[in-house]
**Student:** 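This is the structure I have questions about; it appears just below.
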Amino acid sequence: MLQSLAQTPYAEWVRESLWGWPLALTFHAFGTAAVIGLIFIISLRLLGLFRTIPYTSLNRLFPVIWIGVVCQVLSGFSLWMTKPDQYIGAGMFVSKFTFVIIGIVVTAFFQNTIKREAAAWEAKGAVSSRGVIFAAAAVLVWAAVLVTGRLTAYL
């Protein structure tokens, strides 16, 4: 079944055309940059940096993060389709995919925590321990996605 995915016209276009692979890889890079960059900014704010950014305004960044996740998933699937057997056989890809799933779940909980608690943090002037834990977890998981994603290309 995996081999039949690799033989679809779309997978062949991505793998063999002048524009397929570079276009998919570019979308993948921009999606990754948006997700990781914004997660780091939000997390650093919750850890005390960027004090001029109100906690309540952080919610506005999550739609961009989710657009980045969609770009990552669609472009990642496009890249994966070109050689699914090889990627599935590589332990690093499986690790990356696992971290992506965990990252999506943690990000959803992180967003929900900010949505529910940001006004209270604003009033109190401090972030709850729950907020700090989700900030640290999100940074660690998405950093793991970045590292394992890069290693997938080499191992």
**Student:** If I compare all heavy atoms of Gln7 with all of Glu12, which pair ends up nearest, and what's the gap?
**Tutor:** O-OE2, 3.2 Å
**Student:** Determine whether the side chains of Trp66 and Thr107 contain a donor N or O and an acceptor N or O closer than 3.5 Å.
**Tutor:** no
**Student:** Looking at every heavy atom in both Glu122 and Thr56, which two are closest together, and how far apart are they?
**Tutor:** OE1-N, 3.2 Å
**Student:** Pick from Leu61, Ile53, Leu47: which one makes a side chain to side chain contact (heavy atoms under 4.5 Å, CB included) with Ile42?
**Tutor:** Leu61
**Student:** Any side-chain heavy atom of Gln72 within less than 4.5 Å of one from Val100?
**Tutor:** no
**Student:** Same cluster or not: Leu58 versus Val132, using hydrophobic residues (I, L, V, M, F, W, Y) connected whenever any side-chain heavy atoms lie under 4.5 Å apart?
**Tutor:** yes
**Student:** Please determine whether residues Leu38 and Ile114 belong to a single hydrophobic cluster, defined as Ile, Leu, Val, Met, Phe, Trp and Tyr linked transitively by side-chain heavy-atom distances below 4.5 Å.
**Tutor:** yes
**Student:** Would you say Leu151 and Ile102 are hydrophobically clustered, going by side-chain heavy atoms of ILVMFWY under 4.5 Å?
**Tutor:** no
**Student:** Which atom names give the shortest non-hydrogen contact between Val141 and Phe99, and what distance separates them?
**Tutor:** CG1-O, 3.4 Å
**Student:** Nearest heavy-atom pair of Thr82 and Ala6: which atoms, and what distance?
**Tutor:** O-CB, 4.1 Å
**Student:** Run Tyr87 and Phe97 through side chain to side chain contact (heavy atoms under 4.5 Å, CB included) and show every step you take.
**Tutor:** CA-CA 10 Å; Tyr87 283 124; Phe97 189 75; over 6 Å; no
**Student:** Working to the nearest 0.5 angstrom, can you tell me the gap between His28 NE2 and Leu79 CG?
**Tutor:** 6.0 Å
**Student:** For the CZ atom on Phe27, are there more than 12 heavy atoms of other groups (residues, nucleotides or ligands in this structure) within a distance under 6.0 Å?
**Tutor:** no
**Student:** Side chain to side chain contact (heavy atoms under 4.5 Å, CB included), that's the test. Do Asn112 and Arg116 meet it? Break it down for me.
**Tutor:** CA-CA 6 Å; Asn112 192 35; Arg116 283 195 336 251; 2.9 Å; yes
**Student:** For residues Ile88 and Phe77: do they belong to one hydrophobic cluster (side chain heavy atoms under 4.5 Å, members Ile, Leu, Val, Met, Phe, Trp, Tyr)?
**Tutor:** yes
**Student:** Quick one, Phe30 with Cys71, criterion side chain to side chain contact (heavy atoms under 4.5 Å, CB included). Give me CA distance, side-chain angles, the key distance, then yes/no.
**Tutor:** CA-CA 8 Å; Phe30 279 116; Cys71 282; over 6 Å; no
**Student:** Flag the pair Tyr55 / Arg45 as yes when at least one side-chain heavy-atom distance between them is below 4.5 Å, and no otherwise.
**Tutor:** yes
**Student:** Rounded to the nearest 0.5 Å, what's the gap from NZ on Lys115 to CG on Asn59? Could you check?
**Tutor:** 6.5 Å
**Student:** Are there over 12 heavy-atom neighbours, none belonging to Gln86, within less than 6.0 Å of that residue's CD?
**Tutor:** no
**Student:** Output the distance between atom CZ (Phe62) and atom CD1 (Ile39), rounded to the nearest 0.5 Å.
**Tutor:** 5.5 Å
**Student:** Might you point out which heavy atoms bring Ile104 and Trp142 nearest each other, and give the distance in Å?
**Tutor:** N-CZ2, 3.8 Å
**Student:** For the pair Arg15 and Lys83, evaluate side chain to side chain contact (heavy atoms under 4.5 Å, CB included) and give the outcome as yes or no after the intermediate values.
**Tutor:** CA-CA 9 Å; Arg15 185 177 50 251; Lys83 43 190 172 183; 6.0 Å; no
**Student:** I'd like to know if Val94 and Met92 are part of one continuous hydrophobic network [Ile/Leu/Val/Met/Phe/Trp/Tyr, side-chain heavy atoms within less than 4.5 Å].
**Tutor:** no
**Student:** Any luck finding a side-chain donor-acceptor pair between Ser78 and Tyr10 under 3.5 Å?
**Tutor:** yes
**Student:** With rounding to the nearest 0.5 Å, note down the distance linking OG1 in Thr8 to CE in Met81.
**Tutor:** 3.5 Å
**Student:** Could you check if a side-chain atom of Val145 sits within less than 4.5 angstrom of a side-chain atom of Lys96, using non-hydrogen atoms only?
**Tutor:** yes
**Student:** Who passes side chain to side chain contact (heavy atoms under 4.5 Å, CB included) against Ala135, sequence neighbours left out?
**Tutor:** Ser43, Leu46, Phe110
**Student:** Measure the spacing between CZ of Phe93 and OG1 of Thr98 and express it to the nearest 0.5 Å.
**Tutor:** 9.0 Å
**Student:** Closest approach of Trp80 and Leu5, non-hydrogen atoms and distance?
**Tutor:** CZ3-CD1, 3.5 Å
